[in-house]
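All values below come from the heavy atoms of this structure, side chains included, with hydrogens, waters and symmetry mates left out.
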Amino acid sequence: MLTRAVSLMTRMMLLLICAFAGPLLAASQSTTNLINVGDGDIALKEFVMGYFVDPSQQMSLAEVQQQEFIPSGSSITLGTNAKTTWSRLDIHNTSSHSRRLFVHHPHAYHLESIGFYETRQGELLNQADIHLDRDESHPMMFGGSAVFAFVIAPDEYKTIYIKNVTFSHQWYSLQLFDEAHSKRALVGSGNYIALLVGMMLALMIYNFFLYLSARKVENVVYALYLISGTIWVGLSYGVAANFLGIYSAAILQLNSNLLSMPSFLVLFMMLIFETRRRYPKEHLALSLILTLLVADFIYSLFDVVGALKPASTLAATMMVVTFGVSLSLWRKGEPLAKYFLLGHSMFIVFNMLAVFYYKGLSQANQINSHGVGIGILLEALMMAFILSYRIKTLEQLKAKQGELKRQANTDPMTHLFNRRYFDVTSPLLLTEAKATGAHWSLLIIDIDNFKTINDTYGHHVGDLVIIEFAAVLKQNQRPQDIACRFGGDEFVLLLNCNLENATRIAERIRAHAESLAVTIPEGQKLHFTVSIGVHPVLPGTDSMQEALQGADAALYESKGQGRNKVISRLNDSAA
């Protein structure tokens, strides 16, 4: 009897333990993710909740309530394999009065649809479904945020279920506010992104002026990168929704920018580093990743949702390849590679911060949550610097080349053009004269008794005479005329006028030279004269050589008549 009594008492104790332990365990499990709200301000952006992925995408609320939810933070990202996801918020009002609360879904703009379900002890009290893929008004949408309001009584427990249906990538954040903080959150949403977009637009304007000064194809590619980046930032952070009331379904195709933006970045590298010509191995690596990006972009034109599934992997691969290429070019001594490497490194770092944020591995702040946009902006700034630096370098190189060309075409002593320049330019002027009927005349000038000057006073005095006479030519030529030193004491002046006016100018030059007194080192004044032969460049002339021969014959006639004279000739007869 005693044994039976002990056994009976043991069974009764076990039943009592089970009766009390069961609810306690259930309560413990239910309060694991419990959100307690009291009398104070309620502005919860980070809290514990649970989520469940519906693989069938067709479960009802009753079926979902029976599922096991995975504990998580209020910000989650699940990639492309969680098209339909449910979130669960267990809320307990610990205050002594009713509270009106607001669940915010600030990233609702990129979803296909959202559903809010208010329940108490499993009973559905209220629900709201928002279909963003339909062309209809959404009274619960405020910009890009979906807002669901409900009232919870004192010491009441409620569970809010949120159904998220996405087009491709599943990522979102949930927030819980009282009425005052809900209004503040809605007013302040989008300010940081508007700033990012504004800076991107400023870079577009800056690049436009760079293009006007350089006219380089890399400026066009950079502009396309900026446009793609701006659209991507706008789509990622809901600029179109916040400021225009346009949601992802209406502009779903623009998500192809996830592929076009890195494509333009790779093209930019190819152009700015001239990889095809200078770095064949790096060019091959960039070409391969560009081919994959372009192929997926073309696919996105027909099935954007399907194309976006591998887009993240492609973008990550692109970052690895471009980082490796820029590092390789830097090690090979490419001067622009270090700047690109710096900008690209910042892009990768801030993107990693964003990934850590979406994975719940870092705290929520404006840098982490907007890492992608900040990374794009910083890289765009560095790319603008690279373009400016390259334009400056090209301008310096062009200036050096222009200086070398000027030196090659200029007599170093007199700074007049040399015979090389005359031989290159005169055929062009002859062609122009035939086409337009312009009149040109040729003067050949020789300093009289120049050998005697050199023999008497030395070559340094002869050089002074040449320099002084060159100054006379400069004073008597017009901008369209060409003055050249052919060599020694011989000069050629090609005048844009007929024979009569050319003869008048030649006489002025002769008189000017005759009146000139050159001070030589001994303090004496040296006078010299010149002889000039003039000949027209006839319209039917095929070569400047005929005019040179005619002017040269006139020059020798001038010297034969006693020097210090101007002789004009036309068809071998004195004018």
Side-chain angles (χ1 to χ4, degrees), residues 30 33 35 44-45 47-91 100-152 156-177 182 185-186 189 238 241-242 245-250 252 305:
S30 65
N33 302 330
I35 303 171
L44 301 177
K45 295 184 178 180
F47 49 81
V48 178
M49 65 177 191
Y51 75 90
F52 165 72
V53 177
D54 176 9
S56 70
Q57 303 179 27
Q58 297 179 349
M59 284 188 181
S60 65
L61 174 63
E63 292 174 312
V64 169
Q65 288 176 309
Q66 304 303 315
Q67 306 302 317
E68 181 178 354
F69 278 70
I70 301 172
S72 71
S74 56
S75 298
I76 62 174
T77 179
L78 301 172
T80 59
N81 295 319
K83 182 176 175 62
T84 301
T85 303
W86 292 76
S87 296
R88 172 177 171 170
L89 280 64
D90 294 309
I91 305 171
R100 182 173 172 81
L101 302 179
F102 299 81
V103 177
H104 281 222
H105 195 314
H107 301 139
Y109 52 82
H110 80 284
L111 294 173
E112 182 177 339
S113 65
I114 315 122
F116 292 95
Y117 304 88
E118 177 187 356
T119 68
R120 181 178 55 214
Q121 296 179 355
E123 178 187 358
L124 178 63
L125 302 177
N126 186 23
Q127 76 176 77
D129 294 297
I130 305 173
H131 297 279
L132 296 173
D133 58 340
R134 299 178 185 174
D135 187 14
E136 59 184 31
S137 60
H138 307 289
M140 295 176 61
M141 292 296 297
F142 297 85
S145 300
V147 179
F148 178 75
F150 64 98
V151 177
I152 185 169
E156 185 178 26
Y157 291 84
K158 280 191 176 181
T159 300
I160 308 296
Y161 292 91
I162 300 99
K163 181 182 180 182
N164 301 274
V165 181
T166 184
F167 288 103
S168 58
H169 293 69
Q170 186 68 267
W171 58 274
Y172 58 90
S173 295
L174 297 176
Q175 301 167 346
L176 186 63
F177 298 115
S182 175
L186 292 175
S189 64
N242 285 322
I246 302 174
Y247 306 109
S248 59
L252 181 61
V305 174

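- Partners of Arg120 according to the side-chain contact (heavy atoms from CB on, under 4.5 Å) rule, which considers only residues two or more places apart in sequence or in another chain, are Leu125, Glu156, Lys158.
- A heavy-atom distance below 4.5 Å is found between the side chains of Ile91 and Leu176.
- In this structure the side chain of Leu111 reaches within 4.5 angstrom of the side chain of His105, judged on heavy atoms.
- When all heavy atoms are compared, the tightest approach of Ser145 to Pro106 is OG-CA, 3.4 Å.
- Checked against side-chain contact (heavy atoms from CB on, under 4.5 Å), Thr159 has the following partners two or more places apart in sequence or in another chain: Arg88, Asp90, Thr119, Tyr161.
- By the side-chain contact (heavy atoms from CB on, under 4.5 Å) test, Val53 is found to be paired with Tyr51, Leu78, Ala82, Thr85, residues two or more places apart in sequence or in another chain being considered.
- The CG atom of Leu89 sits 6.0 Å away from atom CG of Leu174, with the distance rounded to the nearest 0.5 Å.
- Using a distance-only test at 3.5 Å, with no hydrogens or angles considered, no donor-acceptor pair links the side chain of Gln67 to the main chain of Val64.
- For Ser87, the side-chain hydrogen bond (donor to acceptor under 3.5 Å, both in side chains) partners at least two apart in sequence or on another chain are Tyr172.
- When all heavy atoms of Asn164 and Gln170 are compared, the closest pair comes out as O-NE2, 3.3 Å.
- The shortest non-hydrogen separation linking Phe177 to Ser182 is CB-N, 3.6 Å.
- Heavy atoms of other residues, nucleotides or ligands lying less than 6.0 angstrom from CD of Gln57 number more than 12.
- Between atom CG of residue Leu132 and atom OG of residue Ser113 there is a gap of 7.5 Å, rounded to the nearest 0.5 Å.
- The shortest heavy-atom contact between Val103 and Phe150 is CG2-CE2, 3.7 Å.
- Between Ala128 and Met140, the closest heavy-atom pair is CB-SD, 3.3 Å.
- Nearest heavy atoms, Met49 versus Gly73: CE-O, 3.3 Å.
- Of the possible donor and acceptor atoms, none in the side chain of Ser74 sits under 3.5 Å from a partner among the backbone N and O of Gln175.
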Margin query: Run Phe142 and His104 through side-chain contact (heavy atoms from CB on, under 4.5 Å) and show every step you take.
Written below: CA-CA 10 Å; Phe142 297 85; His104 281 222; over 6 Å; no

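- Listed by first and then second residue, the salt bridge (charged side-chain N to carboxylate O under 4.0 Å, His left out) pairs involving residues 163-172 amount to none (not counting sequence neighbours).
- The ring pair (Phe, Tyr, Trp, His ring centres under 6.0 Å) test applied to Phe148 returns Phe116, not counting sequence neighbours.
- Residues meeting the side-chain hydrogen bond (donor to acceptor under 3.5 Å, both in side chains) test with Gln127, sequence neighbours left out: Asp129.
- The CZ atom of Phe52 sits 9.0 Å away from the CD1 atom of Ile70 when rounded to the nearest 0.5 Å.
- The distance from the CG atom of Asp54 to the CD atom of Gln58 is 8.0 Å, given to the nearest 0.5 Å.
- Every side-chain hydrogen bond (donor to acceptor under 3.5 Å, both in side chains) that Lys83 has, sequence neighbours left out, goes to Glu112.
- With rounding to the nearest 0.5 Å, the separation of CH2 in Trp86 from OH in Tyr117 is 4.5 Å.
- Note that CD1 of Ile162 and CD1 of Ile114 are 10.5 Å apart. Values are rounded to the nearest 0.5 Å.
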